[in-house]
Amino acid sequence: MQLEALVQESIRSVLDRLGLSPPEIPVDRPPRRELGDLSSRVAFLLAKEARRSPQDIANDLAQALSGHPAFSQVQAVQGFLNFFLRPETLHEVLRRVLREDLAYGKGQEGAGKKLQVEFVSSNPTGPLTIGHGRQAALGDVLANIFSELGWEVTREYYLNDEGRQIELLAQSLWARYRQALGDPQPIPEGGYHGDYLIPIGQELAERFGNAYPEWNAEAKKVFRNEVVPRMLRLIEEDLEAIGVRFDVWTREGDIIRKGLVDEVLQRLRERGAIYEKDGAIWLSAKTHGLGRDPVLIRSDGTPTYLMVDIAYHLDKFRRGFDWVVDVQGADHIEEQQQVKLALRLLGLPEGFLSYCLHQFVTLKGAEGIEKMSTRAGKFLRLKDLVDEVGRDAARYFMVMRKPESHLVFDFELAKKQSLENPVYYVQYAHTRIASVFREAQARGELPADLLSVDLSPLKEPEELRLIMELDRFPDVLRVCAREFGPHLLCEYLENLAGIFHPYYARVRILGQGAATPARLALLAGIKLVLFRGLSILGVRAPEEM
RNA sequence: GCGCCCGUAGCUCAGCGGAUAGAGUGCCGGCCUGCGGAGCCGGAGGCCGCAGGUUCAAAUCCUGCCGGGCGCACCA
């Protein structure tokens with residue numbers, strides 16, 4: 001049993017005897033060590049009902065808990081109930097961690113349920129930038145976390161390979177093609193200026209010669225067909241660099257062909273949620289509190305991106321997902337409100353769709369802070385970033401901040417192979433432990449079975465603190481899932497490593513008689529949790545570095 | 001103007017109803033002849049953007065204001 005549950009149960013049993021029943025039994029980590037290992041503010045919640053002071057209630061509870069075998073002491077301080085754990089209680093925690101091994105932290109919260117995580121979903125108009133990198137890492141790590149909690153997770157990329165942006169892209173390529181032939185055609189208004197189209201233009205100039213002197217319907221078709229697969233290849237290279245694989249790619253055209261656009265329109269019409277104006281079809285969003293009414297069907301009869309996106313989400317529902325999480329940038333906020341409104345009007349279950357919204361990335365490097373734009377051709381390609389700092393640092397840095405906060409990617413720090421770099425700090429703890437085990441093996445000090453060693457020599461304060469930290473791991477994963485906040489896992493791992501390193505510096509592991517096997521067991525537990533955490537982040541946990 | 005997000009140590013950021021607000025980095029001062037010194041220990045450094053309100057209790061919730069980001073297309 002986890003410590004939090006242990007404390008809760010102990011309190012509950014006592015409350016029953018006293019005839020009190022709080023709405024919940026909160027268990028916290030006290031801010032300072034002298035206040036115990038765990039605490040509860042339950043007395044505050046009972047004060048009103050019992051018409052007694054919190055301190056008074058806490059006194060009674062502490063008194064009633066005084067003989068509990070798991071605690072060396074239970075104190076009532078200013079209304080708080082503070083628990084001091086006996087070392088044996090913590091030793092049992094460590095033993096449980098080692099016993100659960102690679103399953104430690106896993107859960108059944110999502111068992112039997114299907115979750116789709118949609119992320120990146122960048123239009124194939126160019127390679128991915130570091131901004132997409134944040135989304136790639138976030139989506140992938142969230143998917144990992146939900147898998148740990150039992151969900152059957154599908155990673156999905158929504159590919160928008162039609163429409164006006166692709167046309168502009170094709171025309172931009174055509175202009176590069178003309179330029180390669182010595183015809184100084186300009187990049188179209190709102191077109192794509194990136195260098196990545198130049199070599200393709202040259203290649204097509206060699207292949208086609210002067211076959212397409214005009215930007216007409218035929219050229220449009222040819223250049224569109226040339227450019228999209230090439231852009232997709234670039235995107236796949238970027239995704240591979242950062243270590244992300246998708247299970248399903250869905251194209252906008254697939255959704256339209258399934259007839260879902262017509263069905264959605266029909267159902268919205270029945271609800272009186274759409275109207276016609278200026279030859280287009282609009283969604284009545286203002287009457288539902290949104291800022292403006294968006295167009296669903298243009299006056300030329302084609303559906304807007306929003307329209308297809310709504311239909312796409314109906315499709316997700318039909319495909320049997322119990323829950324969908326879309327990872328999107330801050331520039332999609334308005335659309336998110338519109339999609340959610342439409343799904344509500346369509347009668348989909350509330351909560352079927354959640355958005356993990358993230359702010360943008362700026363790059364802090366030797367050249368200062370850069371702003372990026374794919375259209376203007378001003379960006380750092382994701383693959384180039386990964387090549388420079390490595391996949392581990394790239395992934396770690398992308399998720400180490402709260403998604404809804406801006407991320408300043410410190411390029412120089414990410415490259416550093418020293419403990420200033422948080423990813424190395426965590427990895428180094430893992431490596432260090434691996435090294436100790438190699439040494440223990442060489443010296444013949446490695447016990448055959450760590451599970452059955454006597455843990456009673458573990459009584460140094462850091463040792464008990466480390467076990468307390470190991471106990472938190474399952475809970476950290478759950479909070480990460482609930483908050484869409486993988487950064488909390490990074491913080492946890494840094495904290496764990498941050499207790500281990502000083503401990504290691506102060507306390508010798510090998511050659512310490514009965515303490516050695518016990519400390520090796522502790523190190524095995526730390527190594528396991530570091531490995532589990534780093535794996536979930538998609539970061540290597542090296543044996544040597 | 002409207003919507004959403006963010007203003008916490010010099011810098012990058014955690015904490016988001018509870019007890020003296022934390023970490024990393026930077027700065028200052030000590031250590032370091034053993035399992036990986038790619039370190040370790042200590043110190044200084046904060047009207048938690050501002051002003052009200054709710055609460056036994058507010059960095060945390062509510063309102064207003066100020067500052068920054070993003071969006072407000074028959075683009076995606």
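All chains are named by letter (A, B, ...) in the order of the sequence lines, taking the proteins before the strands, and each is independently numbered beginning at 1.
- For RNA chain B, the neighbouring residues in residues 500-512 of chain A, judged by any heavy atom under 4.0 Å, are A:H501, A:P502, A:Y504, A:A505, A:V507, A:R508, A:I509, A:L510.
- A straight line from CD of A:Q328 to P of B:C70 spans 17 Å, rounded to a whole angstrom.
- When both distances must be under 3.5 Å, the Watson-Crick or G-U wobble mate of B:G42 is B:C28.
- The aromatic ring of A:F80 sits over the base of B:A19, with ring centres less than 5.5 Å apart and planes tilted by under 30°.
- Of the candidate nucleotides B:G71, B:C75, B:G36, B:G36 has the atom nearest to the side chain of A:R432.
- The pair A:R465-A:E462 does not count as a salt bridge, with every side-chain nitrogen at least 4.0 angstrom from each carboxylate oxygen.
- Distance alone, capped at 3.5 Å, places no donor-acceptor pair between the A:E156 side chain and the A:E118 backbone.
- The side chain of A:F44 has B:G18 as its nearest neighbour among B:C74, B:C40, B:G18.
- A donor and an acceptor atom never sit less than 3.5 Å apart when one is taken from the side chain of A:T304 and the other from the base of B:A73.
- When heavy atoms are screened at a 4.0 angstrom cut-off, A:S122 is found touching no nucleic acid atom at all.
- In this structure, the CD atom of A:Q336 is 17 Å from the P atom of B:G3, given to the nearest Å.
- The side chain of A:E334 has B:C72 as its nearest neighbour among B:C72, B:C70, B:G36.
- For A:K48, whose side chain is taken as the heavy atoms from C-beta onward, the closest listed nucleotide among B:U12, B:C56, B:G36 is B:C56.
- Heavy atoms of A:S53 sit nowhere under 4.0 angstrom from any nucleic acid atom.
- At a threshold of 4.0 angstrom between heavy atoms, the contacts of A:N82 include nucleobase atoms, whether or not backbone atoms are also involved.
- Residue A:H406 has no polar side-chain atom (N or O) positioned under 4.0 Å from OP1 or OP2 of B:G7.
- With a cut-off of 3.5 Å on both pairing distances, the Watson-Crick or G-U wobble partner of B:C56 is B:G18.
- Counting only heavy atoms from C-beta on, A:V408 has its side chain closest to B:U12 among B:C74, B:U12, B:C70.
- Open room surrounds CZ on A:F531; 12 or fewer heavy atoms of other groups in view lie less than 6.0 Å from it.
- Out of B:C70, B:A38, B:A19, the shortest distance to the side chain of A:F360 is found at B:C70.
- Closest contact between the side chain of A:R401 and the listed nucleotides B:C35, B:C13, B:A19 involves B:C13.
- Salt bridge annotation for A:R224-A:E167: absent, with no cationic side-chain nitrogen under 4.0 angstrom from a carboxylate oxygen.
- Separating the P atom of B:C48 from that of B:A19 is a span of 15 Å, rounded to the nearest Å.
- Rounded to an integer number of Å, the gap from A:K416 NZ to B:G24 P is 16 Å.
- Between the P atoms of B:U63 and B:C72, the separation comes to 25 Å (whole Å).
- Across all strands shown, A:I166 has no heavy atoms under 4.0 Å from either base or sugar-phosphate atoms.
- Judged by distance alone, the side chain of A:T431 and the main-chain N or O of A:E543 form no donor-acceptor pair under 3.5 Å.
- Straight-line distance from the CZ atom of A:R292 to the C1' atom of B:C4: 14 Å, rounded to whole Å.
- At the heavy-atom level, A:H487 lies under 4.0 Å from the strands shown only through sugar-phosphate atoms.
- Distance from the side chain of A:R164 is smallest to B:C75 among B:C75, B:G3, B:A19.
- Using Watson-Crick or G-U wobble geometry with both donor-acceptor distances under 3.5 Å, B:G1 finds its partner in B:C72.
- Residue side chain A:S435 does not reach the base of B:C35 through any donor-acceptor N/O pair under 3.5 Å, judged by distance alone.
- As rounded to whole Å, 12 Å separates atom C1' of B:C13 from atom CG of A:L488.
- Here the CH2-NZ distance, from A:W174 to A:K220, works out to 12.0 Å after rounding to the nearest 0.5 Å.
- Considering CZ of A:R52 and CG of A:L20, their distance stands at 7.0 Å, rounded to 0.5 Å.
- Across all strands shown, B:G67 forms a Watson-Crick or G-U wobble pair, both distances under 3.5 Å, with B:C6.
- Under the Watson-Crick and G-U wobble criteria, each requiring two contacts below 3.5 Å, nucleotide B:C35 is left unpaired.
- With sequence neighbours left out, A:D161 forms a salt bridge (charged side-chain N to carboxylate O under 4.0 Å, His left out) with A:R251.
- For A:E404, taking side-chain heavy atoms from C-beta onward, the closest of the listed nucleotides B:C70, B:G36, B:C5 is B:C5.
- Residue-level contact check: A:Q417 touches the bases, meaning some heavy atom is under 4.0 Å from a base atom.
- Between the side chain of A:N421 and the backbone N or O of A:A414 there is at least one donor-acceptor pair closer than 3.5 Å.
- Within the shown strands, B:A23 is the pairing partner of B:U12 under the Watson-Crick or G-U definition, both distances less than 3.5 Å.
- Contacts of A:Q337 with the nucleic acid, taken as non-hydrogen atoms under 4.0 Å apart, involve only primed sugar atoms and P, OP1 or OP2.
- Residue-to-nucleotide proximity on RNA chain B shows that, of A:L306 and A:S418, the 5′-proximal contact is made by A:S418.
- Between A:Q78 and A:W282, the residue anchored closer to the 5' end of RNA chain B is A:Q78, taking for each the nucleotide with the nearest heavy atom.
- If you take atom C1' in B:U25 and the same atom in B:G67, they sit 25 Å apart, rounded to whole Å.
- Residue-to-nucleotide contacts include a donor-acceptor pair under 3.5 Å from the side chain of A:R41 to the base of B:G18.
- If you check every strand for non-hydrogen atoms under 4.0 Å, A:P30 touches a base.
- For the pair A:E335 CD and B:C74 P, the computed distance is 14 Å after rounding to whole Å.
- In this structure, the CD atom of A:E412 is 22 Å from the P atom of B:G24, given to the nearest Å.
- Across B:U20 and B:A57, the matching C1' atoms stand 15 Å from one another, rounded to whole Å.
- Of the residues listed (A:Q135, A:R134, A:H406), the one engaging A:H358 in a side chain to side chain donor-acceptor pair (under 3.5 Å) is A:Q135, and it is the only one.
- Here the side chain of A:Y428 is nearest to one of B:A19, B:A38, B:C74, namely B:A38.
- No donor-acceptor contact under 3.5 angstrom links the side chains of A:Q55 and A:S53, judged on distance only.
- With rounding to whole Å, A:L496 atom CG is found 14 Å from B:G24 atom P.
- Rounded to whole Å, the P atom of B:G45 lies 29 Å from the corresponding atom of B:C61.
- Here A:F484 and A:Y355 keep their ring centres 6.0 angstrom or further from each other.
- Contact annotation for A:M545: base contact, defined as any heavy-atom pair under 4.0 Å involving a base atom.
- Residue side chain A:D28 does not reach the base of B:A19 through any donor-acceptor N/O pair under 3.5 Å, judged by distance alone.
- In terms of phosphate contacts, A:K402 brings a side-chain nitrogen or oxygen within less than 4.0 Å of OP1 or OP2 of B:G15.
- A:E483 comes within contact range of no nucleotide atom at all, as no heavy-atom separation falls under 4.0 Å.
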